[in-house]
Amino acid sequence: MIGPVDSSKVPRYAGPATFARLPRLDQVAHADVAVVGVPFDTGVSYRPGARFAPSAVREASRLLRPYNPGLDVSPFERLQVVDAGDIAVNPFHIGEAIETIEGAATELQAEGTRLVTIGGDHTIALPLLRAVSRIHGPVALLHFDAHLDTWDTYFGEPYTHGTPFRRAVEDGILDTEAISHVGTRGPLYGKKDLEDDRRLGFGIVTSSDVMRRGVDETVDALRQRIGSRPLYVSIDIDVLDPAHAPGTGTPEAGGMTSRELLEIVRGLRGLNLVGADVVEVAPAYDHADITSVAASHLAYDLVSLLALKEGV
Ligand SMILES: N=C(N)NCCCC(=O)O
Ligand SMILES: [Zn+2]
Ligand SMILES: [Zn+2]
């Protein structure tokens, strides 16, 4: 097992920034988990900039340490975790980008490697779900987001960051018995947005629900719905309050704290996690790396969940 560069020997601000200072994919014979970047933001409806997230999150991840007390695991000792670099996607053609992402994610997973993807805007969740469902069939989905992302089209376009989960339901790649949004809030276009969303099969735990019920009750309800199904977790960083994630493209007031979100994610231990993404970090609007740090910790906890599930 090749672990991260030892920060007691090489200062953590020195050398290239792979995720958590892990080896690159080409430096190992087999990877159990790969962190991969998708620098793509052509699908956004408001502020652009998520194309710069993979490198910003990697920089912020230099401070991660090898033992995760929140989950009592040293993920890089249990599994071979690597940085698979970025998927090079066409910024001028959303349709082609979606095909490239699905193809690259399928190839990366061919030998059983699990992916934790750093976006990119939320458009990329669709091809990632397509790739993961080729292996596992329809998957349960936990979607952390201020937004529903089940709208139909923007300016007549079906593939945007506001529409991936409607497309995914239409594709039949989600197990609609177990798909939930967590953390939604903010103004909608109309009440019909919620009716359409319900018809697609989604359950909703709003940001206010999380505040009223607390982390433990929230986690219990989510776990019950998911059971032993293969689970994909998609985290739009704007699920956090703008105070905790200012660096994002479509911020909404009234979100969760990073502490609450990290605790909910840790509450997923033992579930059958098969893949995950952290999307919508837009570093140009960030301050003091608040958002990139939160994203790097979330990715670290997602890798840790995979290590708990699959480690030796
Ligand atoms: N997926 C994110 N972050 N945002 C979707 C917002 C779509 C809209 O502008 O209505
Ligand atoms: Zn969002
Ligand atoms: Zn989103």
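For clarity, every value in this text was computed on a predicted model and none was experimentally measured. Each ligand, and each atom within it, is numbered from 1 in the order the structure gives.
- Across His143, His181, His147, a single residue satisfies ring pair (Phe, Tyr, Trp, His ring centres under 6.0 Å) together with Phe165, and that is His143.
- Listed by chain and residue number, nothing satisfies the side-chain hydrogen bond (donor to acceptor under 3.5 Å, both in side chains) test with Arg223 (two or more places apart in sequence, or in another chain).
- The pair Arg166-Asp171 does not count as a salt bridge, with every side-chain nitrogen at least 4.0 angstrom from each carboxylate oxygen.
- Counting only distances under 2.8 Å, and ignoring water, the protein N, O or S atoms around the Zn ion (ligand 2) are Asp145 OD1, His147 ND1, Asp236 OD2, Asp238 OD1, Asp238 OD2.
- Under the 4.5 Å side-chain criterion, counting only non-hydrogen atoms from C-beta, Val89 is not in contact with Ile124.
- Between Lys309 and Val274 there is a side-chain heavy-atom pair separated by less than 4.5 Å.
- Between Glu195 and Lys192 there is no salt bridge, since no side-chain nitrogen of the basic residue lies less than 4.0 Å from a carboxylate oxygen of the acidic one.
- No donor-acceptor pair closer than 3.5 Å links the side chain of Arg24 to the backbone N or O of Gly85.
- A donor-acceptor contact shorter than 3.5 Å links the side chain of Arg167 to the backbone of Pro158.
- Screening residues 48-73 for side-chain hydrogen bond (donor to acceptor under 3.5 Å, both in side chains) gives Asp41-Arg51, Arg58-Asp83, Arg58-Asp86, Glu59-Arg62, Tyr67-Asp72, Asn68-Asp301, Asn68-Ser304 as the qualifying pairs, with residues at least two apart or on separate chains.
- For ligand 1, residues of the protein lying within 4.0 angstrom by heavy-atom distance are Ser45, His122, His147, Asp149, Trp151, Tyr154, His161, Tyr189, Asp236, Asp238, Thr250, Glu280.
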